[in-house]
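Computed from heavy atoms alone, side chains included, the values below leave out hydrogens, waters and symmetry copies. The first residue of the sequence shown is numbered 1, and numbering continues consecutively from there.
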Amino acid sequence: MDTSLVNSQAVELLSQITGQKLTQKNLTPPVIFLANLVTVLLGVIFVDGIVAESEKQRLLTTLYRFSNPESDVRKLTHLMIKGVKENQIYKQVNNLLALVAPLSESEKLLLISFGYEMSAADGEIDSCEKKYLEIVAKQLNIKPQHLAVLEAGLIHQENVDTAALNEVHFLLNPAHFQELDTIFVKAASDMLAALPAKAEYKITKPHINISYEELKKFQQDRKQLDNCCYQLFQIIQDCTNRGFLPHTLIEELGKVSQKIQSQRFRLSVLGEFSQGKSTLLNALLGEEIQPAREIPCSGMITVLKYGTQKRVVCRYKDGREEEIPFEQYQLKATISEDAALGCLSDALAHDEIDEIVFEHPDLELCSSGVEIVDSPGLNEHPDRTAITQKLLKDTDAVIFLTNASRSLTQVERDLLQDVRTQLNHGKENEPANNLFVVGNFIDLVRSEKGREQVRQRIERFVQGQNPIVVGENRVHFISAQAALDAILQGTEDEYLKAFQNFTESIEKFLTFDSGIVKIKHSISHINRIIEKGLDGLYQSQNTLDGKIQISEAEKQKVLEKIGEASGRDVRIRLLADQLIDLVFEQIAESWDEWREGLGDRMAKKSQHWYSEYSPVWSQDKLIIDYTNQFIRDLSKEIDEWGNTKLKDVILQKNLSI
């Protein structure tokens with residue numbers, strides 16, 4: 001909508017209609033559109049001279065979609081209904097043209113669509129109402145074939161012109177109505193849903209895969225560097241085990257290796273709601289994963305990353321984690337429609353969830369080492385804004401998305417300034433080199449002149465006298481939906497080419513700017529560890545060769561330590577000698593005690609000796625038998641004294657000392 005076309009006639013007319021003293025400042029885009037809508041709908045009702053009660057109810061039902069019960073807009077709507085009816089504005093062509101002058105082609109078509117919807121509410125369109133709508137449409141320069149599409153769709157006819165149908169879908173694309181309000185965006189979406197679906201083109205080519213070769217090569221280099229860490233780890237560990245190097249080097253190298261192994265690029269997509277963030281992510285991934293709709297959608301941070309299997313994990317604010325079925329992912333990842341529209345509630349959906357992590361083994365960009373973050377709209381609920389700003393502290397690159405058909409509102413300009421400051425760690429007025437500004441919906445800007453104007457407006461603000469970004473290829477103009485369609489349908493077109501230029505710029509930045517910095521940092525850390533290791537080995541070698549050179553003061557300290565050690569050695573030796581003497585005394589006492597009782601014990605044992613030989617006939621053999629039994633019992637006595645008294649009591653006790 002071009003509000004500069006609101007002239008004094010329109011201001012006076014709306015003041016007359018509402019009975020209020022209005023100024024041009026009061027005529028905001030929603031107010032202007034509502035004034036036109038009231039006029040057209042009342043014209044449909046009164047054209048046949050008969051106003052049924054059901055028509056009055058339909059009128060209010062339609063108009064109430066755009067306001068809350070107690071809002072100023074609702075009160076203004078009632079004033080408009082009364083004023084348009086009393087002054088019969090719907091019959092006055094000049095006044096009608098003054099009201100519709102600021103409307104765009106898409107807004108005019110949506111306006112007339114509500115007229116057809118009102119007329120077709122009972123299943124057919126009255127001839128008088130149809131004639132009135134055709135006259136108004138002619139004044140608005142709406143094509144007759146577009147009216148035919150509206151009529152056919154609303155009364156459920158099958159046959160419609162394919163080209164005209166696609167044009168209507170293009171003009172009623174909800175992205176055209178974001179300047180009005182979220183409610184109008186929803187209204188356009190609902191109107192499209194009532195019409196026949198856009199003609200699908202037959203897929204003749206396989207799905208297009210966007211490859212990220214530079215990112216893959218970077219990951220290979222990262223793995224090679226980690227292999228070097230492992231080889232260095234083995235060397236240092238061997239030297240540590242031999243006592244040549246301290247354990248701290250192993251711990252330090254382990255931290256570096258862990259950082260290299262976990263090294264991933266984090267890419268965040270930010271912007272106002274309904275700028276196509278989720279569609280852009282789907283295009284980056286080459287698959288329709290993120291939920292997308294025309295009203296605020298993303299309810300919390302969603303992280304898309306590589307995983308060995310496809311799974312979804314909910315991380316809650318209380319620290320819990322829960323794996324959920326994939327079917328629940330899109331439900332959990334979105335906010336309710338009522339909350340999005342702001343009509344019934346502005347509470348967050350699933351506000352107990354901190355973030356949702358989606359893992360997938362086959363997403364090309366994620367398997368190349370990139371984690372992608374879909375954030376809530378920056379201009380929505382303050383809790384979601386705080387989450388997004390916190391997210392900026394841990395990101396490698398940011399994509400800021402804007403609508404090219406209405407590029408860079410004042411809110412977006414303020415948001416961009418804030419994002420730049422966040423990325424620069426609080427430093428203001430310094431351009432950010434990791435910020436990409438992307439104008440989406442460039443396909444909605446039909447003329448080449450219009451596209452050039454869009455480019456100039458965005459580039460002038462982003463790269464002008466007080467630049468927001470710095471670096472090559474930081475501003476791009478794409479159609480995320482058209483690119484996604486081309487990827488899925490396997491077709492090459494200008495939108496896919498523009499999208500590939502954009503992805504190449506992102507890839508180049510991640511690998512050659514951010515990536516090289518990370519690799520160099522790791523290499524510097526590894527080099528410092530190597531230098532420490534070499535210093536330690538040189539010191540060990542000099543020690544072994546006796547080549548250590550120390551100062552006189554250090555020598556004195558060493559001699560003092562030697563003296564202390566020598567004194568301790570003398571005391572230890574004296575204690576050992578005393579213990580040895582004590583042991584000999586204890587052994588002697590124990591031996592004497594054992595020997596004194598030996599005779600009695602042996603005599604007692606001899607009572608059990610036995611031989612089958614007779615002392616008369618086999619005296620020699622009898623002596624041998626008794627001798628063997630004597631030796632056996634005596635050996636047992638000796639063993640018992642040696643193991644029990646000598647070893648377990650005397651020696652063990654003193655050896656432990």
Side chains of E507 and T503: any donor to acceptor distance under 3.5 Å? no

Are the charged groups of [X] and [Y] less than 4.0 angstrom apart, N to O?
X	Y	result
R474	D513	yes
K310	E359	no
E589	K645	no
D238	R242	yes
R595	D592	yes
K217	D221	yes
R315	E321	yes

Under 3.5 Å, sequence neighbours excluded: what are the donor-acceptor pairs made by side chains of residues 246-256?
unit_1, atom_1, unit_2, atom_2, d
E252, OE1, K532, NZ, 3.3
E252, OE2, H525, NE2, 3.3
E252, OE2, K532, NZ, 3.4

Kindly indicate, with the supporting measurements, whether the criterion side chain to side chain donor-acceptor pair (under 3.5 Å) is fulfilled by D374 and T302. CA-CA 5 Å; D374 185 16; T302 305; 5.1 Å; no

Test side chain to side chain donor-acceptor pair (under 3.5 Å) applied to D485 and Q481, step by step: CA-CA 6 Å; D485 291 342; Q481 186 62 59; 3.0 Å; yes

Ring pair (Phe, Tyr, Trp, His ring centres under 6.0 Å) between F265 and F218, worked out: CA-CA 11 Å; F265 294 114; F218 176 84; 5.0 Å; yes

Pairwise distance CZ(F630) to CD1(I623) - rounded to 0.5 angstrom: 14.0 Å

Just by modelled atom types, is the [Y] backbone N or O under 3.5 Å from a matching donor or acceptor in the [X] side chain?
X	Y	result
N473	S505	no
D396	R266	yes
Q629	Y610	yes
R601	G599	no
N424	E430	yes

Run the side-chain contact (heavy atoms from CB on, under 4.5 Å) test against K653 and tell me which residues pass, sequence neighbours left out. none

Could you walk me through whether N654 and Q586 pass the side chain to side chain donor-acceptor pair (under 3.5 Å) test, one step at a time? CA-CA 11 Å; N654 288 283; Q586 292 174 347; 3.3 Å; yes

In terms of the angle between their ring planes, are W641 and W594 parallel, tilted or perpendicular, with boundaries placed at 30° and 60°? tilted

Between W609 and Y626, how do the two ring planes meet: parallel, tilted or perpendicular, split at 30° and 60°? tilted

Would Q275 and N440 satisfy side chain to side chain donor-acceptor pair (under 3.5 Å), going step by step from the backbone distance to the final call? CA-CA 7 Å; Q275 300 302 304; N440 194 19; over 6 Å; no

Crowded around K259 NZ? As in, over 12 foreign heavy atoms under 6.0 Å? no

